Amino acid sequence: MGAIVGVHGIGKYKYYRAAGHSAEGAAEAMRLKWDRYLHPCLKSARGTYVSEVAYYAHLLHTGPDDQDEPAPEKMDAGTRQFFAGWARQAGWGEHLTAILAGITGWVLQKPRAVTFAMRFVPEVATYLTDPDKRTKCQETVAHVIRKNRPKVVIAHSLGSVVAYETLWANPDLEVDLLITLGSPLGMRNVVFERLLPAPVNGRGSRPKGVKRWVNIADRHDIAAIPPQLAGCFTGVDTEQLVNLDWLDFHTVEKYLGCGVLTEFLRPYVA
């Protein structure tokens with residue numbers, strides 16, 4: 001099997017539903033996709049790079065089973081506050097009053113970015129404000145890492161937050177390389193101040209069991225604000241900014257296939 005464990009990002013409940021409400025089936029469907037996304041840049045004869053994708057989306061899902069994200073008008077007050085914090089980071093502060101009062105009309109003005117936010121914000125809010133669900137997500141990720149004992153953990157989007165906290169909460173977990181993709185770990189007033197363990201003197205730090213930390217972000221990824229993490233965390237060894245796609249700036253497919261990961265992963269898949 002592969003030397004890599006993946007930790008997925010937002011919007012992945014659809015895999016759970018498609019697999020007949022099986023977390024194992026959802027995880028395997030995602031693993032196959034991650035392998036396919038990595039193949040163009042790695043092209044290893046092994047063909048299998050990812051041992052498992054730690055799947056937790058079903059633990060954060062709220063609302064009807066056939067709905068991937070809540071309608072704007074049905075966001076609770078807490079989630080709207082997260083939405084406002086994200087919008088401020090994205091440079092849309094002038095719209096905060098409208099967002100908090102009733103965001104449906106504002107959504108219509110910026111459909112693509114806010115469609116993304118409809119997926120991003122509720123899952124982030126649920127993870128960071130529900131201690132029981134937060135613990136269960138971390139237990140899921142810890143179990144997958146402990147079982148597979150990977151050399152590399154690749155964590156995308158919200159998955160970078162879950163992986164970061166999981167590795168801190170489980171010091172027995174050791175990995176040679178942590179790669180964060182499109183990470184919101186440094187997002188002030190939304191994620192950063194809520195991290196566990198809490199940042200000290202305004203800075204977080206690399207989990208003790210991680211030997212090397214590489215962060216990669218698209219320059220215009222509105223989930224990765226700021227795109228570079230070294231200003232917020234000690235122990236970030238390498239950072240690279242990329243230009244993925246102005247319309248498709250955050251998907252794991254674009255990140256895994258962009259070619260930048262090749263130099264970091266090649267030693268583990270040869």
Side-chain angles (χ1 to χ4, degrees), residues 4-31 33-34 50-70 74-76 78-79 81-82 86 118-150 153-175 178 180-185 187 190-199 204 207-210 223 252:
I4 302 167
V5 156
V7 186
H8 69 76
I10 62 165
K12 299 300 183 284
Y13 182 76
K14 59 187 178 182
Y15 288 90
Y16 183 73
R17 188 168 55 234
H21 299 86
S22 164
E24 294 78 10
E28 177 60 9
M30 293 197 67
R31 187 194 70 78
K33 281 198 171 184
W34 280 43
V50 181
S51 298
E52 190 171 351
V53 173
Y55 186 81
Y56 62 87
H58 61 303
L59 301 174
L60 299 179
H61 185 71
T62 58
D65 181 64
D66 61 351
Q67 181 175 288
D68 290 331
E69 63 273 342
K74 294 183 179 179
M75 278 188 179
D76 60 40
T79 302
Q81 289 290 341
F82 270 83
W86 169 81
M118 290 297 100
R119 295 176 177 172
F120 175 74
V121 173
E123 291 189 40
V124 172
T126 299
Y127 176 78
L128 291 174
T129 61
D130 189 314
D132 183 56
K133 291 182 179 181
R134 191 175 195 165
T135 297
K136 288 179 179 178
C137 290
Q138 292 177 22
E139 289 174 347
T140 295
V141 173
H143 172 72
V144 171
I145 295 174
R146 192 168 286 118
K147 178 177 66 173
N148 291 279
R149 301 177 66 184
V153 170
I154 300 177
H156 174 238
S157 185
L158 174 59
S160 67
V161 179
V162 183
Y164 176 88
E165 294 195 333
T166 298
L167 290 164
W168 265 113
N170 297 270
D172 63 301
L173 300 178
E174 297 183 351
V175 296
L178 170 65
T180 49
L181 305 174
S183 174
L185 274 165
M187 191 178 291
V190 179
V191 175
F192 183 71
E193 293 81 3
R194 294 179 170 90
L195 290 173
L196 298 174
K208 301 298 185 183
V210 175
V252 73

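As the structure is a computational prediction, the values presented were derived from the model and not from experiment. Residue numbers run from 1 in the order of the sequence given.
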Original post:
Distance-only, no hydrogens or angles: does the N148 side chain make a donor-acceptor pair with backbone N or O of V144 under 3.5 Å?
Top reply: yes

**OP:** Compare every heavy atom of E165 with every heavy atom of R134, then report the nearest pair and how far apart it is.
**Re:** NH2-OE2, 2.6 Å

Original post:
Take atom NZ in K147; do more than 12 heavy atoms of anything else shown fall under 6.0 Å from it?
Top reply: yes

Original post:
Would you say the ring centroid of Y56 lies under 6.0 angstrom from that of H8?
Top reply: yes

**OP:** Identify the two heavy atoms, one from G182 and one from A223, that lie closest to each other, and give their separation to 0.1 Å.
**Re:** O-CB, 4.3 Å

Subject >> Reported CG-to-CD distance for the pair L167 and E174, which is rounded to 0.5 angstrom >> reply: 10.5 Å

Subject >> SB check K136 D132 (cutoff 4.0 Å) >> reply: yes

Original post:
If every non-hydrogen atom of P184 is compared with every non-hydrogen atom of S157, which pair is closest and at what distance?
Top reply: CD-O, 3.2 Å

**OP:** Hey, could you give me the OG/OH distance between S22 and Y15, rounded to the nearest 0.5 Å?
**Re:** 14.5 Å

**OP:** Answer yes or no: is there a side-chain heavy-atom contact under 4.5 Å between M30 and V252?
**Re:** no

Original post:
OG1/T140 to CD1/I145 distance, rounded to the nearest 0.5 angstrom?
Top reply: 11.0 Å

**OP:** Can you measure from CG (L185) to CE (M187) and round to the nearest 0.5 angstrom?
**Re:** 10.0 Å

Original post:
Does some side-chain heavy atom of L158 sit less than 4.5 Å from a side-chain heavy atom of L60?
Top reply: yes

Original post:
For G159 and A155, which heavy atoms make the closest approach, and how far apart are they?
Top reply: O-CB, 3.5 Å

Subject >> Heavy atoms from other residues, nucleotides or ligands near NZ of K133 exceed 12 (cutoff 6.0 Å) >> reply: yes

Original post:
Run the side-chain contact (heavy atoms from CB on, under 4.5 Å) check on W168 and L195 step by step: do they pass?
Top reply: CA-CA 10 Å; W168 265 113; L195 290 173; over 6 Å; no

**OP:** State, without any angle test, whether T180 and S160 hold a side-chain donor-acceptor pair at a distance under 3.5 Å.
**Re:** no

Subject >> Flag side-chain contact, heavy atom, 4.5 Å: R146 against N170 >> reply: yes

**OP:** Kindly determine whether Y16 and H21 satisfy ring-ring contact (aromatic ring centres under 6.0 Å, His included), including the steps that lead there.
**Re:** CA-CA 5 Å; Y16 183 73; H21 299 86; 5.3 Å; yes

Original post:
Looking only at heavy atoms, what is the nearest atom pair of V175 and P150, with distance?
Top reply: CG1-O, 3.8 Å

Original post:
A57 and K12: which non-hydrogen atoms are nearest, and at how many Å?
Top reply: CB-C, 3.7 Å

**OP:** With side chain to side chain donor-acceptor pair (under 3.5 Å) as the test, would you mind laying out the steps for Q138 and Y127 before giving the verdict?
**Re:** CA-CA 10 Å; Q138 292 177 22; Y127 176 78; 3.0 Å; yes

